[in-house]
There are 2 protein chains.
Amino acid sequence: MALPPSGRRVTIHDVAARAGVSQPTASLVLSNHPRARVAPATRQRVLDAAAELGYRPNVVAKSLASRRSFALGVIVPDVRNPFVADVITGAERVAADAGYAVLLCDQSARDVRQHLDVLRARQIDGVLLDAVGASTLPDEALAGVNVVLIDEPSERWPGIATDAVMAGRLAADHLLELGHTEMAFIGPASDVHAFRMRERGFVVRLREAGIAMRSARLRRAPATVAGGRDAMRLLLATGPRPTAVFCANDLMAIGALKQALTVGLSLPADLSVVGCDDIELARYVTPELTTISVPARELGARAARLLLQLIEQSTQRVSASRLLPVRLVTRGSSGRAPAAVA
Amino acid sequence: MALPPSGRRVTIHDVAARAGVSQPTASLVLSNHPRARVAPATRQRVLDAAAELGYRPNVVAKSLASRRSFALGVIVPDVRNPFVADVITGAERVAADAGYAVLLCDQSARDVRQHLDVLRARQIDGVLLDAVGASTLPDEALAGVNVVLIDEPSERWPGIATDAVMAGRLAADHLLELGHTEMAFIGPASDVHAFRMRERGFVVRLREAGIAMRSARLRRAPATVAGGRDAMRLLLATGPRPTAVFCANDLMAIGALKQALTVGLSLPADLSVVGCDDIELARYVTPELTTISVPARELGARAARLLLQLIEQSTQRVSASRLLPVRLVTRGSSGRAPAAVA
DNA sequence: TTGTAAGCGTTATCAG
DNA sequence: CTGATAACGCTTACAA
C-alpha cells in the first residue's frame with residue numbers, strides 16, 4: 001500500500017495509510033507520547049512506514065494543534081556586544097538540544113515591546129530577556145508569556161543573574177589593595193540592573209574603606225567602546241585626575257584605556273583601569289585588561305534551562321537561582337597607585 | 001454584539017462576529033489582500049471591531065494555511081565572531097522591517113544539515129548561509145528551500161559576496177609598496193570560499209610582482225585569534241622570518257600580532273601584519289591593525305533583501321549581484337620593510 | 001489498543 | 001461584494 005507522495009510532502013496521513021492504521025494512531029506513535037499505549041507491533045509498523053517514506057513532521061501544524069511553537073525568543077540589546085553573543089551561544093545550545101528553535105530579537109531591529117508582540121503572535125513558548133531593562137516595561141508587555149530575565153533580579157519574573165554587587169566589590173578590593181584612593185567609575189546611563197549593581201558594589205566597598213567618591217568622578221555614557229572613550233576624556237578634563245577607574249563593562253574599559261593612552265598617560269603607572277565581563281577582547285588590548293570575569297555562556301545556558309523547565313512545567317524544583325559567581329582576573333592594566341598625585 | 005473573549009485569545013472569528021460579517025470576509029480585510037474587493041463600509045466595520053477587541057493575528061495559523069512561515073533562517077559558523085555578528089545585524093534589520101522573524105542557527109549548536117532539516121520542518125521561507133561551506137553540502141540538503149549564500153558565489157544558488165580576490169590584492173599591493181618581499185599568509189584550513197579567494201588574490205598579485213611565496217610561509221589554522229597565534233608561532237619557528245604577514249581575517253591577524261609581540265618583535269619595524277574584515281576590534285589592539293575593510297552589515301542586509309525578493313517572487317529584477325567593494329585601511333601594524341632580513 | 005470526530009486559527013476556492 | 005465550505009497537518013478527547 002505504498003502511497004507514492006506525488007510531489008506533495010509526505011504527511012502523517014501517508015504514513016498512517018502505509019502502516020494501515022488510523023492517522024491519530026500514527027500521531028501517537030510518532031510524537032512518542034508518554035502515556036500513549038500502543039501495541040509494539042503497530043508501533044513498529046508505523047515507524048517503518050515513516051522511515052520508508054522519509055516522513056518529516058510539520059512543526060507548524062504541530063504548533064497550531066498543540067498551541068506550542070517549540071521556539072524561544074531571545075531579546076538582547078545588541079548581538080555585536082561580545083558578552084551578549086556569548087550569552088546567546090549558551091542559550092542556543094541548550095535550546096537546540098531540547099529541540100527548540102531560537103528567534104533572535106535585537107533591539108537595533110525593533111524595540112522590546114514590538115519584539116514581544118511579534119513573539120506572542122508566533123505563540124512563542126518562552127522568552128529570554130537579556131539586559132533590556134525589563135523592569136521599565138509595563139506589566140502587560142510581558143503578560144501571558146513565559147519569561148526568564150537574565151542578570152536582572154525581579155519579584156515578578158524568574159531569572160538567572162550573576163553576582164554583580166560582588167563584581168563591583170572585587171574591583172574595589174583590588175584597587176584598594178594596590179593603594180588607590182582616587183577612584184572613578186564609568187557606567188551606562190541606562191537602567192540595566194547588573195550595571196547598577198556593579199556600580200553599587202564598587203561604591204559601597206569604597207565607602208566601607210572610608211573613601212567617598214566625588215560625583216564628578218562618576219561618569220555616564222553608552223556601554224560601548226566609544227562611550228568609554230568619551231567618558232574618559234571628560235574625566236581627564238575635569239578636576240584632579242583619578243588614579244584608578246572601574247568601568248561597568250569591558251567595552252567601556254577598553255575605550256577608557258585607549259583614551260588614556262591617547263593623551264599620553266602610561267598604564268598602569270599613571271592610571272589603573274579595571275573592566276567587567278572578561279570578554280575575549282580583554283586579552284587582546286595592550287596592556288591586557290584587568291577585569292572581573294563573568295560566566296556569560298553559563299548564564300545563557302542556565303537561563304535557557306530555567307525557561308525550558310518553566311515551559312515544560314517539570315515537577316522538579318527549578319534550580320535555586322543562586323547568583324553565578326564572578327572572579328577577579330588580574331592583568332596588565334592595573335597596578336600600584338602612583339606615589340604622588342597631581 | 002460584543003463577544004467578550006472570556007479568557008480565550010481573540011480570534012478572527014470574534015472580530016467577524018462583532019463586525020457582523022463572515023469570518024473569511026474578516027480575513028480578507030485584515031490580511032489586506034491586494035486583490036480583495038471589500039466594500040469600504042464593511043472594511044471599516046471589520047477594522048473597528050478588530051481594534052476594539054485588540055485582535056492580534058495568529059501567525060502559526062496563518063503559516064499553516066498559507067504554507068509560509070514569515071521567518072528566515074540564518075546559518076552561521078559562530079555568532080561570537082564579530083564579523084558574523086555584523087552580518088546578522090544587517091540581515092535581521094531588513095527581515096524585521098519586512099515582517100519576518102529570524103531563526104538563529106549557529107554551527108556550534110548543530111551542524112548545517114541538521115539546521116536545514118529543522119528549518120524545513122518549520123516551513124522556513126528562506127535561509128541565509130554565511131560562510132558555512134555550502135558547496136560542500138550534498139544537493140539534497142538544500143533542495144526545496146529558498147537560499148541565498150553569503151560570500152560564496154555559486155552556480156546553483158544566488159548569493160551576495162564581497163570582492164575577496166580584491167581584498168587579497170589590496171593587501172599585497174600595500175605590502176609591496178612598503179618594500180616587502182618576504183611575505184607569508186595565514187588562513188583557515190576550511191573550505192570557505194571568501195577565505196580561499198583572499199588567499200588567491202594575495203598570492204596571485206605577489207606572483208605578478210615576481211614574488212613567489214614558499215609553501216612554508218603558507219600556514220593553516222582555525223580562523224580565530226588562537227589559530228592566528230599558533231600559526232604565527234610556527235611561522236617564526238620555521239626558516240627565515242618573513243617581514244610581512246597577511247591574514248585571512250582580523251581575528252587571526254590579531255592572534256598573529258599578539259604572538260609577534262610576545263616573542264619580542266616590534267611592530268611594524270620588524271614585521272608588518274595585515275588583516276581582513278575591519279572588525280571594530282581592529283582599532284583597539286596595539287598597534288592598531290592595518291586591514292581590508294569589508295562591509296559586513298551591508299552584506300547581511302543585501303543578502304536578506306535578495307532572499308526576500310526570491311521569496312516574494314517580486315517581478316523586479318533581483319539586484320545584480322555585483323561584488324561588494326572592499327578597501328584598504330592603513331593603521332599602525334604595517335610599515336616599511338626592514339632594511340636587512342635575518 | 002485503536003479508530004472516530006472535533007478542533008487549532010487561518011487562507012483559499014468557490015458559489016451566490 | 002460576500003458567505004459557505006474546504007483545506008492546512010497535526011493533537012487530543014472520547015468511543016468502540
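Residue numbers start from 1 in every chain, and the chains themselves are labelled A, B, ... in the order their sequence lines are given, proteins ahead of strands. This is a predicted model, so every value here is computed, not measured.
Within 4.0 Å of A:Val60, counting heavy atoms only, lies no atom of the nucleic acid at all. Contacts of B:Val59 with the nucleic acid, taken as non-hydrogen atoms under 4.0 Å apart, are absent. Across all strands shown, A:Thr42 has heavy atoms under 4.0 Å from sugar-phosphate atoms exclusively, and none from any base. In this structure, B:Thr25 reaches the bases: a heavy-atom distance under 4.0 Å links it to at least one base atom across the strands shown. Contact annotation for A:Ile12: backbone-only contact, meaning every heavy-atom pair under 4.0 Å involves sugar-phosphate atoms and none involves a base.
Between the CG atom of B:Leu64 and the C1' atom of D:dC8 there is a distance of 4 Å, rounded to whole Å. One can place NE2 of B:His13 at 12 Å from C1' of D:dA4, the figure rounded to the nearest angstrom. Per the geometry, CG belonging to B:Leu30 stands 8 Å off P belonging to C:dT11, to the nearest Å. Distance B:Arg68 CZ to C:dT11 P: 12 Å, rounded to the nearest Å. To the nearest angstrom, C1' of C:dT1 lies 17 Å from CD of A:Gln44. Remark: P of C:dC14 and CG of B:Leu28 are 15 Å apart, rounded to the nearest angstrom. Atom NZ in B:Lys62 sits about 9 Å away from atom P in C:dA12, given to the nearest Å. Rounded to whole angstrom, the span from the CZ atom of A:Arg56 across to the C1' atom of D:dC10 amounts to 16 Å.
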I'd like a table of donor-acceptor pairs (distance under 3.5 Å, sequence neighbours excluded) in which one partner is a side-chain atom from residues 137-146 of chain A, with atom names and distances.
unit_1, atom_1, unit_2, atom_2, d
A:Asp139, OD2, A:Arg156, NH2, 2.9
A:Asn146, ND2, A:Asp125, O, 2.9

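Here A:Ser22 pairs with A:Thr25 under the side chain to side chain donor-acceptor pair (under 3.5 Å) rule; sequence neighbours left out. With sequence neighbours excluded, no residue forms a salt bridge (Lys or Arg N to Asp or Glu O under 4.0 Å) with A:Asp48. Residues that satisfy the side-chain contact (heavy atoms from CB on, under 4.5 Å) test with A:Asp86, not counting sequence neighbours, are A:Ala296, A:Arg297, B:Arg80. In this structure, the salt bridge (Lys or Arg N to Asp or Glu O under 4.0 Å) partners of A:Asp117, at least two apart in sequence or on a different chain, are A:Arg120, B:Arg56. By the side chain to side chain donor-acceptor pair (under 3.5 Å) test, A:Asp151 pairs with A:Thr162, sequence neighbours left out. The salt bridge (Lys or Arg N to Asp or Glu O under 4.0 Å) check on A:Arg93 picks up A:Asp97, with sequence neighbours excluded. Partners of A:Pro158 by side-chain contact (heavy atoms from CB on, under 4.5 Å), not counting sequence neighbours, listed by chain and number: A:Val148, A:Leu306, A:Leu310.
Remark: nothing in residues 113-121 of chain B comes within less than 4.0 Å of DNA chain C through any heavy atom.
Note that the CD1 atom of B:Ile12 and the CG atom of B:Leu30 stand 5.0 Å from one another [nearest 0.5 Å].
Summary for the helix from C:dT1-D:dA16 to C:dG16-D:dC1: the axes at its two ends, each from 5 pairs, differ by 40° when rounded to the nearest 10 degrees.
Residues B:Glu152 and B:Val192 fail the side-chain proximity criterion, which asks for heavy atoms closer than 4.5 Å. In this structure, the side chains of B:Val74 and A:Leu104 stay at 4.5 Å or more apart for every pair of heavy atoms.
Not one side-chain nitrogen or oxygen of B:Ser27 sits closer than 4.0 Å to the OP1 or OP2 atom of C:dG9. An OP1 or OP2 oxygen of D:dG3 is reached within less than 4.0 angstrom by a side-chain nitrogen or oxygen of B:Ser22.
For B:Pro40 and B:Ser66, each mapped to the nucleotide of DNA chain D holding its nearest heavy atom, the one lying further toward the 5' end belongs to B:Pro40.
Applying the salt bridge (Lys or Arg N to Asp or Glu O under 4.0 Å) test to every pair with at least one member in residues 98-114 of chain A, sequence neighbours left out, gives no pairs at all.
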Under 3.5 Å, which protein N or O atoms sit close to an N or O of nucleotides 5-7 of chain C? Give each pair with its distance.
none

